[in-house]
Each structure stands twice: as structure tokens, then as C-alpha cells.
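Notes for the one structure printed next.
Just so it is clear, the values below take in all heavy atoms, side chains as well, and ignore hydrogens, waters and symmetry mates. Predicted model only: the values in this text are computed from it and were never measured.
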Amino acid sequence: MNPTDQRAATIRSATLADAPAMLAIEQAATSHPWTLKLFESCFGDRYFNFVLEQQNQICGFYIGEFVAGEASLFDICIAPTAQGQGFGRLLLEHFINEADRREAFECWLEVRESNSKAITLYQKAGFHQIGKRPNYYPTATGHEDAILMGLPLRMG
């Protein structure tokens, strides 16, 4: 990881106008991307969405939701050309800090069982496996389980 890459990156609130760029990253980086309509539906009072920019270009994002004291990480994605530079960790730390700032009691996320890099990233941030959602994610040959992970932030 090149530290200058991280210093050159900025994180800002995402706007609805950013949805097409977020979709393009998702399409380039995942096998089963969200739709533009789904991205657009995640802009509202209960959501907190952020993009990571490098040289004025969006290269990553996350979509978070805050409801009833819980923060959920719905989506986090880094453009393939920007992966391996620590940006996923930066965005995850930002999500946790935003959840804490909103006084969330805990954070939740789901991750593909086969996504060992993401699971390791989440574990390093303090998330623990809470359970599984069987056959949750589509694959080329069927479905795979989602690992449900949680991170307590404060006592309720």
C-alpha cells in the first residue's frame, strides 16, 4: 500500500448525482451488481452514504443505514483499479465512525461466505460472525450463504 495514495484520497457525502458513478464501480467490481434504481432508493433521511475520491474521481463508496440505534452497512465497493491500496479499510473505518457519531449501539453487515478478503477486513475492524443467511447471494451456479457480522459500539 502506498501511503501517498491514501493521503490523496478524500471522503465526502454522496449525492444522488453520484449514483451513476457508484453503479459503474459496482458493475466493474462485483459479479451481481445492484441496479441504478436500487442505488437511487438508498438516498433519504435514514441513509448515510459516502464516496471516496482520488484526483476528483470517485473510486469507492459505501451505503449505510441508521434505524432504531443500529447502523447497517448495505454496500461497500472499491473500483478494481483502486483495490489493494487500503481504501476499503478507510471507508469501513469511516462507516464505523459515522455510526458512532450517530450514537448507534451496533453495526451490522452481510458478506458473501466466499469473500475471504472482506471477511478478514471486517474481522480486523472488530466485527464478529453472528449468524448465516442460507442461499442469500446469487452466484453463477445458484446461491451462496451470507455471513451476518456485528460490531457492538456501546451498551444499550
Just wondering, do [Y] and [X] contact through their side chains at under 4.5 Å, heavy atoms?
X    : Y    : result
C59  : T81  : no
Q123 : Q129 : no
R46  : F66  : no
W34  : I63  : yes
E70  : W108 : yes
L153 : E106 : no
Q54  : Q85  : yes

Determine whether a donor-acceptor pair (N or O, by modelled atom type, separation under 3.5 Å) exists between the side chain of [X] and the backbone of [Y].
X    : Y    : result
D18  : V51  : no
N97  : E93  : yes
Q27  : P33  : no
R112 : P138 : yes
E110 : A146 : no

Residues E113, K132: salt bridge by 4.0 Å N-O rule |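 Salt bridge: yes.
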
Please determine if K37 and E40 form a salt bridge, counting it only when a charged side-chain N lies under 4.0 Å from a carboxylate O.
->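 No.
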
What's the shortest heavy-atom distance between [X] and [Y], and which atoms?
X    : Y    : value
A9   : L52  : CB-CD2, 3.9 Å
A19  : F43  : CB-CE1, 4.4 Å
L92  : I76  : N-CD1, 3.8 Å
Y47  : S41  : CE1-O, 3.8 Å
A118 : V111 : CB-CG2, 3.8 Å
C77  : T30  : SG-CG2, 4.3 Å

Membership question, hydrophobic clusters at under 4.5 Å side-chain separation (ILVMFWY): are [Y] and [X] in the same one?
X    : Y    : result
I11  : M22  : no
L151 : F50  : yes
F74  : L109 : no
F87  : I96  : yes
L121 : I25  : no

Aromatic rings Y62 and H94: how do their planes relate, parallel, tilted or perpendicular, breaks at 30° and 60°?
->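 Tilted.
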
Classify the ring geometry between F61 and F39 as parallel (under 30°), tilted (30 to 60°) or perpendicular (over 60°).
->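 Because their plane-to-plane angle is over 60°, the rings of F61 and F39 count as perpendicular.
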
Nearest-0.5 Å distance that lies between atom [atom1] in [X] and atom [atom2] in [Y]:
X    : Y    : atom1 : atom2 : answer
E53  : R12  : CD    : CZ    : 4.0 Å
Q83  : I78  : CD    : CD1   : 7.5 Å
Y122 : C107 : OH    : SG    : 12.0 Å
I119 : K124 : CD1   : NZ    : 13.5 Å
E98  : D100 : CD    : CG    : 10.0 Å

Test log, rule side chain to side chain contact (heavy atoms under 4.5 Å, CB included), inputs N115 and I147 = CA-CA 10 Å; N115 194 343; I147 303 294; over 6 Å; no

Close aromatic pair by centroid cut-off 6.0 Å: F48 and F95 |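 Yes, the ring of F48 comes within the 6.0 Å limit of the ring of F95, centre to centre.
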
Report the C-alpha separation of D145 and N135 in whole Å, then their side-chain angles, then the decisive distance to 0.1 Å, and conclude whether the side chain to side chain contact (heavy atoms under 4.5 Å, CB included) test is met.
-> CA-CA 5 Å; D145 294 348; N135 299 314; 4.3 Å; yes

